[in-house]
Amino acid sequence: MWIKLFGSVVSFAIFLPFLIIGGDFFACFCGIAACFLLKELIGLTKRRKKLPFLTEILSYLAVLYLVLNYYDYQMLLFVIDFRILVVLFLIFFIPIVTNADYRKYSFQDGMMFIGCTLLVGFFFRLLILLRSVSFFLFLYLLLIVIFTDFSSLIIDFFFGKHLLCPKITEEKSVEGLLVGTIIGTIVPACFYLIFINPDVHLLHLLIVSMSLSLIGQLGDLVFFQTKRYYEIDDFSSFIPGRGGLLDCLDSMIFVVLMYTIFCGII
């Protein structure tokens, strides 16, 4: 547990200067991180088969385009041209024909590339949008993830007795879920009241904060199940003591994506 905590602290220390500076500096950081995250996701399939090199390169270019193409500094506005989606389908489905052997490249591989490209592209693009709109709003979402994860991790390690999802992982407990949700709701909500909007409807704030805390833990379980399916402990060894970039961002991905649904409430 302590090695995992140390790895998380080091990762946050590296990430913090980019977050504080913001702007194009933060956007470039997100573009680079997006490529590393996509590499980890594609690497899951590459454990079982070799994928076309050109298709991989095109997926990285597509992610960079989605992340860096456009972001509005004034409002949380996500814009995507449907022509981009059409191009993605063509890029990742054409190899099905050019590689006649389905064992080398199949419809499933094409959908994997499309799904991973959109997931990574949307996530990091939303990070840039959130940072450009409000530094404190970004911190609010980050605090939900941090306090939920760390408090549940400590409770799971010292006091966890009732497994939450034993078929997925034995590291998560019901006690950790409850304490993590409570702390991951109260602390960020207090931060929101002090630094963002003291006049916000308190009940709405608590409901949104609690929902995001639970959704973050759901994301954690989703990627635990993914690692179980591929029979791996970590997505990579990119971050010593912590695993891969996806091991660090699993909860954050779900929280950021789902915040787009709740942003009109608070």
Side-chain angles (χ1 to χ4, degrees), residues 1-9 11-12 15-16 19 76 119 123 126-127 130 134 136-228 234-235 242-243 245-266:
M1 183 188 75
W2 303 113
I3 296 177
K4 187 176 182 179
L5 287 174
F6 177 76
S8 299
V9 171
S11 303
F12 183 73
F15 170 72
L16 189 59
L19 176 61
L76 188 58
L119 175 65
F123 169 63
L126 283 171
L127 285 187
L130 287 167
S134 171
F136 290 114
L137 178 60
F138 193 108
L139 282 183
Y140 162 71
L141 297 178
L142 190 60
L143 288 176
I144 290 177
V145 174
I146 290 175
F147 279 96
T148 299
D149 283 356
F150 283 168
S151 56
S152 63
L153 177 64
I154 292 173
I155 295 300
D156 289 336
F157 186 80
F158 290 105
F159 305 105
K161 294 182 179 179
H162 302 87
L163 295 181
L164 180 62
C165 296
K167 293 185 178 180
I168 297 178
T169 176
E170 296 182 356
E171 298 180 16
K172 299 291 183 180
S173 67
V174 176
E175 293 83 1
L177 171 71
L178 295 175
V179 175
T181 302
I182 293 173
I183 297 178
T185 298
I186 295 176
V187 176
C190 292
F191 176 87
Y192 193 99
L193 285 170
I194 296 172
F195 294 101
I196 300 178
N197 183 9
D199 299 321
V200 67
H201 193 289
L202 182 58
L203 180 60
H204 291 174
L205 176 61
L206 290 175
I207 291 175
V208 170
S209 300
M210 182 179 66
S211 299
L212 292 175
S213 176
L214 289 170
I215 288 168
Q217 294 178 80
L218 173 64
D220 206 9
L221 290 172
V222 167
F223 287 109
F224 259 115
Q225 172 69 350
T226 303
K227 288 188 286 187
R228 191 181 186 91
D234 299 308
F235 287 102
R242 192 66 175 86
L245 192 60
L246 188 53
D247 292 291
C248 292
L249 296 176
D250 47 10
S251 299
M252 191 68 179
I253 290 174
F254 272 61
V255 169
V256 169
L257 293 178
M258 292 305 299
Y259 176 73
T260 59
I261 297 176
F262 297 122
C263 62
I265 300 177
I266 58 175

Legend entry - Non-hydrogen side-chain atoms of Met252 and Leu127 separated by less than 4.5 Å: yes
Legend entry - Check: Thr260 side chain, Val256 main-chain N or O, donor-acceptor pair, under 3.5 Å: no
Inset, instruction - Please step through side-chain contact (heavy atoms from CB on, under 4.5 Å) for the pair Glu171 and Phe224, ending with a clear verdict. - result: CA-CA 10 Å; Glu171 298 180 16; Phe224 259 115; 3.5 Å; yes
Legend entry - Reported CG-to-CZ distance for the pair Leu139 and Phe195, which is rounded to 0.5 angstrom: 9.0 Å
Inset, instruction - Evaluate the criterion side-chain contact (heavy atoms from CB on, under 4.5 Å) for residue pair Val200 and His204; output intermediate values, then yes/no. - result: CA-CA 8 Å; Val200 67; His204 291 174; 5.5 Å; no
Legend entry - Donor-acceptor under 3.5 Å (Asp156 side chain, Ser173 main chain): yes
Legend entry - Thr181-Gln217 side chain donor-acceptor pair, cut-off 3.5 Å: yes
Legend entry - Inter-residue atom distance Leu193.CG - Ile266.CD1, 0.5 Å rounding: 9.5 Å
Inset, instruction - Kindly state whether the ring of Phe191 and the ring of Tyr140 have centres lying under 6.0 angstrom apart. - result: no
Inset, instruction - Specify the closest pair of heavy atoms between Lys227 and Asp234, including all atoms of both residues, with the distance to one decimal. - result: CD-CA, 4.0 Å
Inset, instruction - Work out which heavy atom in Leu221 is nearest to a heavy atom in Cys165; give both atom names and the distance. - result: CD1-SG, 4.0 Å
Inset, instruction - Compare every heavy atom of Gly176 with every heavy atom of Ser152, then report the nearest pair and how far apart it is. - result: CB-O, 3.2 Å
Inset, instruction - For Ser251 and Val145, work out which heavy atoms get closest and say how close. - result: CB-CG1, 4.0 Å
Legend entry - Side-chain heavy-atom pair Lys172, Leu163 within 4.5 angstrom cut-off: no
Inset, instruction - Output the distance between atom OG1 (Thr169) and atom CG (Leu164), rounded to the nearest 0.5 Å. - result: 9.5 Å
Inset, instruction - Looking only at non-hydrogen atoms, find the nearest pair between Ser211 and Phe262 and report the distance. - result: CB-CZ, 3.9 Å
Inset, instruction - Calculate, to the nearest 0.5 Å, the distance between atoms CG and CZ belonging to Asn197 and Phe136 respectively. - result: 13.5 Å
Inset, instruction - Please assess Thr148 against Ser213 for the test side-chain hydrogen bond (donor to acceptor under 3.5 Å, both in side chains), listing each intermediate value before the final yes or no. - result: CA-CA 6 Å; Thr148 299; Ser213 176; 2.9 Å; yes
Legend entry - Check: Phe223 main-chain N/O paired with Arg228 side-chain donor or acceptor under 3.5 Å: no
Inset, instruction - Would you give the length of the straight line joining atom OG1 of Thr226 to atom CG of Asp250, rounded to the nearest 0.5 angstrom? - result: 9.5 Å
Inset, instruction - Answer yes or no: is there a side-chain heavy-atom contact under 4.5 Å between Tyr259 and Ile215? - result: no
Inset, instruction - Determine whether more than 12 heavy atoms belonging to other residues, nucleotides or ligands lie under 6.0 Å from atom CD of Glu170. - result: no
Inset, instruction - Side-chain contact test, heavy atoms from C-beta onward, threshold under 4.5 Å: evaluate it for Ile146 versus Val187 and give yes or no. - result: no
Inset, instruction - Hey, could you give me the CZ/CG distance between Phe254 and Leu249, rounded to the nearest 0.5 Å? - result: 12.5 Å
Legend entry - Nearest heavy atoms of Leu257 and Leu126, plus distance in Å: CD2-CD1, 3.6 Å
